[in-house]
Amino acid sequence: MSFDRVRVRIAPSPTGDPHVGTAYVALFNYVFAKKNGGDFIIRIEDTDQSRYRGSSEDMILRSLKWLGLSWDEGPDVGGPCGPYRQSERREIHAAHAMQLVDRGLAYRCFCTAARLDGVRKEQREKGQTTGYDRHCRDLPVAEAERRMAASEPFVIRLKMPLSGVTKFDDALRGTVEIENQRLDDQVLLKSDGYPTYHLANVVDDHLMKISHVMRAEEWISSTPKHVLLYEAFGWEKPVFCHLPLLRNTDHSKISKRKNPTSLRYYERAGILPDALLNYLGLMGWSFGDNIEIFNVEEMTSRFELKGIHLGGPIFDQTKLNWLNNQYLQKLSDDRFVSLIRDQMFAPEILKALRPFVVERMDRLDQFVDKNSFFFNGALQYDAVPLVPNGKTAAELATMVSELVERLDEEYEWDMEHLKACFDAHREAIAWKPKDYFMSVRLIVTGRKDSPPLFESLVILGREMVRFRLRDALKFLRQ
RNA sequence: GUCCCCAUCGUCUAGCCUGGCCCAGGACACUGCCCUUUCACGGCAGCGACGGGGGUUCAAAUCCCCCUGGGGACGCCA
């Protein structure tokens, strides 16, 4: 038997802002599905309750819609293979894990996190590869039963073969193989009853009849584990295809620390969805005939998996801007007007702004100038005294980089949380409030006479604030 | 460290599979010129790459090997 229909999926994890890498993988999956008359599916992989963020799923779906990518099945539209949210499929995953235990292909492991940490630490010190030492692999059934009865927490691990080689064919790279003895006894089911990525992914891909697994390159090394799982269940494997990883300018995997990665940032920065999609289509793929400007339909008509170039492309803001300019020039009057009016000067933003700005202006014609920082992207820092008296640029830079770290940890973006976060940081480094907040104010708003700081931060949004802080950091360190 | 993946201008890439048409084409960026009351757009020109070494071959960016370099993975995260 083989798959009678092309079905692909993207499986974002709702742990934060919608990521540009998700859009990248989504585009290629989408185009591949359309090219082959298949289905494009979205499945939410929310199996990590510690990192789960309630609003994240909505933001992801919203951003993908903004881009204009539509899906045939997903958590919001449903479909024949639902539910499309993994947290709602826990019983299915647990049952599959148990099936493997019953067949002797998986086992219960009672090792504590502390023990595992210790094992890893020791391995690292000896210069060995870290991995589970299989302490519980051969636990007598009776003992396992006894400890279970005593309600000791446990996980279920897959019994990897101790010898031999596991191989799979990557649609772009050919055969990839790895010696089984290098494979860790992967956790399938966590002690909280949720599945790990590996289990949930394989089970759901199979149940959802996914024919091609197109995902980022970072998954290559765990693919053999997935292959072994397919084999343990006796299921037909999909075609695996690992896409290159988007990179920062320093060639590392793209990350929010070094590059804006949130789709919401690009939307707010006024990048047009078509331009972003077009740019993403240029990453590792080319249209041919020296044509660089194309839409998704055109990309679909020419798309071939084999045409994907495997070198990791650097996400270059400058070229994105150029492309966006090309699209801007082609916009119709109506579209241009509605974008400026509804997006740049959205009524919600103006309303949110009003209470803080009215008292600072005498005439309407001052509005744009006094509040330009709400609408601008990068600010000019050479004309403002960012560094307080008595401090050095290096000290300010250190302060800002710590602040960015702290803000990245802060999930809630409201007055209360921001204030607590800033106060804690300021106290920790013992800066005078005046120096501390004036520097932040200048960095974020570019001027001394701005509306109240926290209100401004809230309205500006996390993405723009992070962008400005990092931008200032670059300025301070140059 | 171990394993895996990758390797053409600074960046995105074409060419590589099916060696010769490639003293390597396009785009971004950069520089200069033109257009222009400014800036931008646009046009033109310039700068700029097959990582190194071995093979195979009449012939290698293209095939093979080694080295180097880069990246990823080594979690009860995905």
Side-chain angles (χ1 to χ4, degrees), chain A residues 11-16 19 21-22 44-52 86 109-113 115-117 119-120 123-132 153-157 166-168 170 172-179 181-201 215-225 242-254 278-293 306-326 328-329:
Chain A
S13 185
T15 53
H19 200 275
T22 303
I44 297 293
E45 310 228 323
D46 53 348
T47 56
D48 183 352
Q49 359 103 281
S50 67
R51 293 204 310 159
Y52 177 76
Q86 285 184 330
C109 165
F110 296 88
C111 292
T112 61
R115 178 175 183 279
L116 296 176
D117 284 345
V119 170
R120 263 192 293 272
Q123 287 166 330
R124 246 191 297 273
E125 279 164 7
K126 287 187 194 158
Q128 296 170 337
T129 304
T130 54
Y132 182 51
F154 65 89
V155 301
I156 290 177
R157 288 180 185 271
T166 297
K167 48 180 86 171
F168 68 93
D170 182 281
L172 298 175
R173 296 155 215 264
T175 304
V176 177
E177 53 178 76
I178 187 162
E179 292 184 33
Q181 52 180 313
R182 298 209 13 68
L183 264 21
D184 204 7
D185 280 0
Q186 192 57 56
V187 172
L188 300 178
L189 206 66
K190 309 178 209 176
S191 55
D192 62 6
Y194 279 87
T196 58
Y197 171 86
H198 306 287
L199 205 227
N201 198 260
R215 67 217 324 180
E217 188 182 350
E218 57 190 327
W219 293 106
I220 288 184
S221 45
S222 37
T223 303
K225 295 168 187 170
H242 293 93
L243 267 16
L245 229 33
L246 261 24
R247 312 286 182 98
N248 299 311
T249 14
D250 66 359
H251 294 96
S252 56
K253 169 166 94 166
I254 195 167
N278 189 158
Y279 182 68
L280 256 12
L282 252 17
M283 304 273 87
W285 190 77
S286 72
F287 192 83
D289 298 338
N290 290 334
I291 291 170
E292 294 207 290
I293 298 183
K306 298 277 186 296
I308 296 174
H309 180 246
L310 298 175
I314 289 168
F315 194 87
D316 177 15
Q317 306 285 335
T318 310
K319 186 153 182 177
L320 206 212
N321 287 340
W322 168 80
L323 240 195
N324 201 54
N325 169 271
Q326 301 294 306
L328 244 21
Q329 291 195 51

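Below, chain A is the first sequence line, B the second, and so on; all start at residue 1.
Rounded to whole Å, the P atom of rA7(B) lies 10 Å from the corresponding atom of rC63(B). A gap of 15 Å separates the P atoms of rC65(B) and rU18(B), to the nearest Å. The gap from the P atom of rA24(B) to that of rC66(B) amounts to 30 Å, rounded to the nearest Å. Nucleotides rU31(B) and rG51(B), compared at atom P, are 28 Å apart to the nearest Å. rA59(B) and rG19(B) are spaced 15 Å apart, taking the P atom of each and rounding to whole Å. Spacing between rG71(B) and rA27(B) at atom C1', rounded to whole Å, works out to 25 Å. Here, rU38(B) and rA45(B) have their C1' atoms 24 Å apart, quoted to the whole Å. Using C1' as the reference atom, rC5(B) and rC41(B) are 43 Å apart when rounded to the nearest Å.
Between Glu292(A) atom CD and Lys319(A) atom NZ the span is 3.5 Å, to the nearest 0.5 Å. Distance check, rounded to the nearest 0.5 Å: CZ of Phe287(A) to CG of Asn278(A) gives 10.0 Å. To the nearest 0.5 angstrom, His242(A) atom NE2 is 5.5 Å from Phe168(A) atom CZ. In this structure, CD1 in Ile308(A) is found 13.0 Å from CE in Met283(A), a value given to the nearest 0.5 Å. We find the CD-CD1 distance between Gln186(A) and Ile156(A) to be 13.5 Å, quoted to the nearest 0.5 Å.
Scanning atom types as modelled, one donor and one acceptor separated by under 3.5 angstrom connect the side chain of Lys319(A) and the base of rA27(B).
Summarising the geometry, the separation between CD1 on Ile314(A) and P on rC6(B) is reported as 18 Å, rounded to the nearest angstrom. Atom pair Leu243(A):CG and rC5(B):C1' shows a separation of 14 Å (rounding to whole Å applied). Whole-Å rounding puts the His309(A) NE2 to rG26(B) P distance at 18 Å. Atom CD1 of Ile308(A) and atom C1' of rA14(B) are 16 Å apart (whole Å). Between the P atom of rG25(B) and the CD1 atom of Ile291(A) lies a distance of 19 Å, rounded to the nearest Å. Whole-Å rounding puts the Asn324(A) CG to rC12(B) P distance at 20 Å. Between Leu172(A) atom CG and rA7(B) atom P there is a gap of 11 Å when expressed in whole angstrom units. The distance between atom CG of Asp170(A) and atom P of rC4(B), rounded to the nearest whole Å, is 15 Å.
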Going through the distances and angles, do Leu310(A) and Glu217(A) end up as a side chain to side chain contact (heavy atoms under 4.5 Å, CB included)? CA-CA 9 Å; Leu310(A) 298 175; Glu217(A) 188 182 350; over 6 Å; no
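Side chain of Asp46(A) to backbone of Ser13(A): no donor-acceptor contact under 3.5 angstrom is found.
Nucleic acid contact for Glu292(A): base, since at least one base atom lies under 4.0 Å from a heavy atom of the residue. The residue Gln329(A) sits close only to the backbone: its heavy atoms come under 4.0 Å of sugar-phosphate atoms, none of a base. Using a 4.0 Å heavy-atom criterion, one finds that Gln326(A) contacts the sugar-phosphate atoms exclusively.
Using N1 to N3 plus N6-O4 or O6-N4 for Watson-Crick, or N1-O2 and O6-N3 for G-U wobble, each under 3.5 Å, rA78(B) pairs with nothing. Remark: rU2(B) base-pairs with rA73(B); criterion is Watson-Crick or G-U wobble with both hydrogen-bond distances under 3.5 Å. Base pairing analysis places rC63(B) opposite rG55(B); the two distances defining the Watson-Crick or G-U wobble pair are each below 3.5 Å. Nucleotide rU11(B) has rA27(B) as its partner under the Watson-Crick or G-U criteria, with both atom distances under 3.5 Å. When Watson-Crick and G-U wobble pairs are counted only if both distances are under 3.5 Å, rU18(B) pairs with no nucleotide at all. Within the shown strands, nothing qualifies as a pairing partner of rG48(B) under the Watson-Crick or G-U definition with both distances less than 3.5 Å.
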For each nucleotide in nucleotides 65-77 of chain B, reading 5' to 3', give B when a protein heavy atom comes within less than 4.0 Å of its base, S when such contact involves only the sugar-phosphate, and - otherwise. -----SSSSBSBB
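Each of Ala11(A) and Ser286(A) lies near RNA chain B, and the nucleotide nearest Ser286(A) is the one positioned closer to the 5' end.
At a cut-off of 3.5 Å, with distance as the only test, no side-chain donor of Arg182(A) or Ser221(A) sits close to an acceptor on the other residue.
Here Gln49(A) does not reach the OP1 or OP2 of rA78(B): none of its side-chain N or O atoms lies under 4.0 Å away.
Leu116(A) places a side-chain heavy atom less than 4.5 Å from the side chain of Tyr132(A).
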